[in-house]
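The structure under discussion appears below in the form of structure tokens.
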2 protein chains.
Amino acid sequence: MATRTRQSQRRTDALSRERIVEAAVELLDAAGETGLTVRALTERLATGPGTIYWHVGNRGGLLDAATDAVVAAALATEPAGAPDTPQDEIRAVALGLFDAIAAHPWLATQLATQLSRSPWGAVTPRIFESIGRRVQALGVPEGHWFTATSALVHYILGAAGQNAANARVLGSEADRAEFLDAASKAWEELDPDDYPFIRAVADQVREHDDREQFLGGIDLILTGVTTLHLPAHDPGEPGRRPSPEIRPGAAGGSGTSAAGPRRPRS
Amino acid sequence: MATRTRQSQRRTDALSRERIVEAAVELLDAAGETGLTVRALTERLATGPGTIYWHVGNRGGLLDAATDAVVAAALATEPAGAPDTPQDEIRAVALGLFDAIAAHPWLATQLATQLSRSPWGAVTPRIFESIGRRVQALGVPEGHWFTATSALVHYILGAAGQNAANARVLGSEADRAEFLDAASKAWEELDPDDYPFIRAVADQVREHDDREQFLGGIDLILTGVTTLHLPAHDPGEPGRRPSPEIRPGAAGGSGTSAAGPRRPRS
DNA sequence: ACCTGAACACCGTTCAAGT
DNA sequence: ACCTGAACACCGTTCAAGT
């Protein structure tokens, strides 16, 4: 399924922007960001560079379009039917992005780049909107909407990217233990005087389950979100608690584990 | 101070790895990641490409070294003297990275790339270690160390990167309102049916203060961290609260605004 | 409207040769 | 040990020319 040799037989149908983007995603999946070159695309689609530029502008536009397509597909898998709690929906959206980034590791860098180039580009608003709406639904006061959504989105993209980096190296499931072992070995080789924390945490990393760990972070932030807003709180100064009391049942807490994500591997 | 024309006069002193990295940082600051080319370096240092490769290997190594140098400098500015709470120290480290990324916008993409390529590279462990040690000091149970540190680090790098992207566009302080205005205008132009959340949040963004907003996110996560671990909690399943009760004063709460960061602009 | 392909400027990297 | 600079393979992009 990977190496369709399309280049020798002549195309009869017209080339479209979608077909070019599709081929770009295939190249990116196969060889990462550096694998997407105009020339490689040109061969795969049996055409000339001019065609690419006519349809998608330049390489940057192509990367944006590929990113957009994959993220849109991931976000489109909305929870079918059953009305979940906002927390569960946030977990579902987060896991959807987590899996998309695991399947397309180039997405991580691409999304980060897009966020720190033109934050109001094509894909980013979609992600913000999807998470932000659920933050609203949690009952978070308006003054915290942006902060809470930012914390969730940045964690999702960052943690998923880091996971994809690990996952990419190991291919088969058999390599997994070996790789994680090597990684935590590398950690343990760091100077114990300079890196006591990392050495202490190395064992946890070796034994953790990716998705469970990821969701743990989501729940941590959700707990912060639902805990932080107090009745007598001034929204004008977000994130500063004027008093140390915490209202217990705020907006449902972080998770009853209901509609919990399908258990991952074994 | 920017355009020292070093290229015409002959060097008398030997070239060192540090001088090359220093020049690389200058190029990156001036023209971003694409501004760092071996040829540009070659001109600035009045030497040939062979010299660069002899000292630093390849372009990737140069980028890593530049990132490492800037981040190390940012982390080295540890709180002098006064014994702060772990929360305040985390805020200080976070602000240090925030400012470093604001001063060197290319750092954001670079750190993200480095994290999602070899997460156990050169710089990343330093950041993890710096934050992780304070998470330990908060009294977080060992099972949550990695999750809590990940949430903080990913938020810090992601939010700082997004801020740097905004800040870069506007140069002078006068442009600021104009730019934020344009940005939130762009948001408001989005289809109201597809993007109700973003439209609703646009005004907040226009009026927010960067650093205050950033710290709000830190406090939100810190609240989650200190709230989530309950006495009767099983560390084996991180992030899932077995019961909806919340212990009030957990480990100090999120912040009394003591030792608060120097107030930003006006 | 859509496609071709030669051509251009630029890039990272190598390496034989110098001191 | 350190530096030079010509050379190579490759890249994104343009554009006159075709259908």
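In this text the structure is predicted, and so the values were computed from the model without any measurement.
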Inset, instruction - Could you encode protein contacts along nucleotides 5-15 of chain D as a string, one character per nucleotide from 5' to 3', using B for base contact, S for sugar-phosphate-only contact and - for no contact, with a heavy-atom cut-off of under 4.0 Å? - result: BBB---BBBBB

Run the side chain to side chain contact (heavy atoms under 4.5 Å, CB included) test against [X] and tell me which residues pass, sequence neighbours left out.
X      : value
A:A40  : A:L27, A:T37
A:A108 : A:I101, B:S116
A:R126 : A:D68, A:A72, A:L75, B:Y195

Could you give the [atom1]-to-[atom2] distance, from [X] to [N], as a whole number of Å?
X     : N     : atom1 : atom2 : answer
A:R17 : C:dC2 : CZ    : C1'   : 16 Å
B:L41 : D:dT4 : CG    : P     : 13 Å
A:W54 : C:dC2 : CH2   : P     : 4 Å
B:L15 : D:dC2 : CG    : P     : 11 Å

Inset, instruction - Would you sketch DNA chain C in dot-bracket for me? Only Watson-Crick or G-U wobble pairs with both distances under 3.5 Å count, crossing pairs as [ ], other-strand pairs as |, the rest as dots. - result: ||.|||||...|||||.||

Legend entry - With A:E18 via salt bridge (charged side-chain N to carboxylate O under 4.0 Å, His left out) - residues at least two apart: none

Inset, instruction - Applying salt bridge (charged side-chain N to carboxylate O under 4.0 Å, His left out), name anything that partners A:D29, two or more places apart in sequence or on another chain. - result: none

Legend entry - Set of ring-ring contact (aromatic ring centres under 6.0 Å, His included) partners for B:H104, sequence neighbours left out: B:W106

Legend entry - Contacts of B:Y155 that satisfy ring-ring contact (aromatic ring centres under 6.0 Å, His included) - sequence neighbours left out: B:F214

Inset, instruction - Can you tell me, in whole Å, how much space there is between the P of D:dC2 and that of C:dA17? - result: 22 Å

Legend entry - side-chain N/O A:H55 vs C:dC3 OP1/OP2, d < 4.0 Å: yes

Legend entry - Nearest heavy atoms of B:A24 and B:L41, plus distance in Å: N-CD2, 4.0 Å

